Amino acid sequence: MGSPDDHDEKLALHARRASSFGAHAAAYAEHRPDYPAAAIRWALAAVAHRQPPTVLDLGAGTGKLTEGLLEAGATVIAVEPDEHMRGELHRRFPHVTAHAGTAEDIPLPDDSVDAIVAGQAVHWFDLDRSYPELRRVLRPGGVFAALWNTDDSSVDWVAGLKAVAGSSASTAQPPGGRVVLPAHPLFRDHEFERSSFPHRYRRTAESLTATIGTQSHTLVISPEERAEVLGRIMAYLRERPETAEGEFDLPIVTLALRTILRPAD
């Protein structure tokens with residue numbers, strides 16, 4: 001069992017990682033992957049008949065998920081706490097309404113959206129405080145879905161990359177990508193369904209190193225350690241035949257969870 005000091009240190013690291021992206025918003029927008037259309041359609045299936053569904057992109061960042069939601073025909077409202085990330089979203093999608101706000105304090109009226117979707121964000125939420133807000137802003141029969149892009153470590157060179165890419169701020173990932181969202185009394189009758197979708201991201205050794213450089217575990221460490229970690233990644237990619245020269249596909253598995261938070265009236 002860890003000590004209270006260990007717990008406090010973990011909470012402080014989590015908070016630093018959660019707030020680390022804004023200063024690197026432009027790089028995040030340039031280098032992070034999008035989400036597969038099939039995963040977005042699956043997430044929104046229960047409200048697809050509402051034409052167009054109004055979807056809240058919660059923790060929207062620079063709009064990586066926003067783009068796919070728009071292509072799926074949704075009317076998108078974005079909520080993002082970081083002004084720099086929100087600024088990048090507005091630059092890329094000037095016609096999307098983007099609010100400053102958090103999952104714990106959503107700046108929208110009651111019963112105002114058909115779905116809430118979070119891409120690469122739910123692990124930053126305080127779910128005890130967020131769940132009541134999710135339920136408040138969803139219309140009857142509304143959907144809550146969460147998506148994560150994860151590198152496909154069943155591929156040998158990707159597993160090797162994961163082994164060399166860690167930093168002192170890295171945390172253990174769930175085995176086999178088994179992301180689990182905790183139950184909450186408000187939603188006792190609504191279990192999360194899960195699915196996964198293959199995805200690929202075209203990269204070079206340089207651009208994949210830059211992508212990893214936008215991940216929080218490389219943003220919160222010292223400049224010296226960051227240079228060492230990114231140098232180690234580049235050296236690995238330069239020595240692997242799959243990635244040494246030119247462009248290649250990074251294999252990704254997109255994990256998706258969804259639930260209907262309350263039944264239609």
Side-chain angles (χ1 to χ4, degrees), residues 11 14-15 18-19 35 39-61 63-70 72-82 85-86 89 93 96-149 174 177-197 254-265:
L11 288 178
H14 182 84
S19 61
Y35 295 86
I40 294 172
R41 288 194 300 269
W42 182 86
L44 299 179
V47 295
H49 63 285
R50 306 181 186 184
Q51 289 297 322
T54 299
V55 180
L56 167 59
D57 185 355
L58 187 57
K64 288 294 179 177
L65 180 56
T66 301
E67 183 172 16
L69 293 170
L70 291 170
T75 297
V76 181
I77 301 170
V79 168
E80 164 57 41
D82 188 278
M85 300 287 273
R86 206 167 55 250
L89 188 151
F93 307 105
V96 171
T97 299
H99 298 285
T102 65
E104 299 80 16
D105 187 13
I106 300 172
L108 296 180
D110 296 358
D111 299 330
S112 56
V113 299
D114 299 302
I116 299 171
V117 186
Q120 226 77 15
V122 170
H123 49 287
W124 304 124
F125 299 171
D126 179 342
L127 288 173
D128 282 339
R129 295 169 55 208
S130 299
Y131 274 149
E133 280 290 272
L134 304 181
R135 181 166 183 172
R136 179 183 66 79
V137 302
L138 277 169
R139 293 170 180 151
V143 169
F144 171 46
L147 282 70
W148 288 269
N149 282 325
R178 294 292 294 178
V179 177
V180 176
L181 295 183
H184 189 280
L186 284 175
F187 311 124
R188 186 178 294 115
D189 297 331
H190 301 288
E191 295 183 357
F192 280 91
E193 299 176 82
R194 67 172 55 241
S195 191
S196 61
F197 301 84
T254 301
L255 306 173
L257 303 178
R258 69 181 181 189
T259 187
I260 298 175
L261 294 187
R262 47 184 176 175
D265 292 339

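Remember, predicted model here, so these are calculated numbers, not experimental data. Worth knowing before you read on, the calculation uses all heavy atoms, side chains too, and leaves out hydrogens, waters and symmetry mates.
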Which pair of non-hydrogen atoms, one from [X] and one from [Y], has the smallest distance, and what is that distance?
X      : Y      : value
Gly141 : Val47  : O-CG1, 4.0 Å
Arg50  : Asp114 : NH1-OD1, 2.7 Å
Glu133 : Ala103 : CB-O, 3.5 Å
Ala39  : Thr254 : CB-CG2, 4.1 Å
Ala78  : Leu89  : CB-CD1, 3.8 Å
His99  : Pro107 : CB-CG, 3.7 Å

Problem set entry | Stepwise side-chain contact (heavy atoms from CB on, under 4.5 Å) test for Leu138 and Val113 | CA-CA 5 Å; Leu138 277 169; Val113 299; 4.0 Å; yes
Donor-acceptor pair, [X] side chain versus [Y] backbone, under 3.5 Å?
X      : Y      : answer
Arg136 : Leu108 : yes
Arg258 : Val143 : no
Arg139 : Ser112 : yes

Nearest 0.5 angstrom please: [X] [atom1] to [Y] [atom2], how far?
X      : Y      : atom1 : atom2 : result
Leu257 : Trp42  : CG    : CH2   : 6.5 Å
Leu134 : Leu56  : CG    : CG    : 8.5 Å
Thr75  : Gln51  : OG1   : CD    : 9.5 Å
Leu255 : Trp148 : CG    : CH2   : 8.0 Å
Asp57  : Lys64  : CG    : NZ    : 12.5 Å
Asp110 : Arg135 : CG    : CZ    : 12.0 Å

For this session: Compare all side-chain heavy atoms of Leu58 with those of Val122 and state whether any distance is below 4.5 angstrom.
Result: no
Exercise. Is any side-chain heavy atom of Tyr131 closer than 4.5 Å to a side-chain heavy atom of Phe125?
Worked result: no
For this session: Determine, stepwise, if the pair Leu44 / Leu69 fulfils side-chain contact (heavy atoms from CB on, under 4.5 Å).
Result: CA-CA 9 Å; Leu44 299 179; Leu69 293 170; 3.9 Å; yes
Problem set entry | salt bridge (charged side-chain N to carboxylate O under 4.0 Å, His left out) contacts in which one or both residues fall within residues 115-124, not counting sequence neighbours | none
Exercise. Can you name the residues that form a salt bridge (Lys or Arg N to Asp or Glu O under 4.0 Å) with Glu104, not counting sequence neighbours?
Worked result: none
For this session: Could you walk me through whether Val76 and Phe93 pass side-chain contact (heavy atoms from CB on, under 4.5 Å), step by step?
Result: CA-CA 10 Å; Val76 181; Phe93 307 105; over 6 Å; no
Seminar exercise, completed: The side chain to side chain donor-acceptor pair (under 3.5 Å) partners of Thr54 (sequence neighbours excluded) come to none
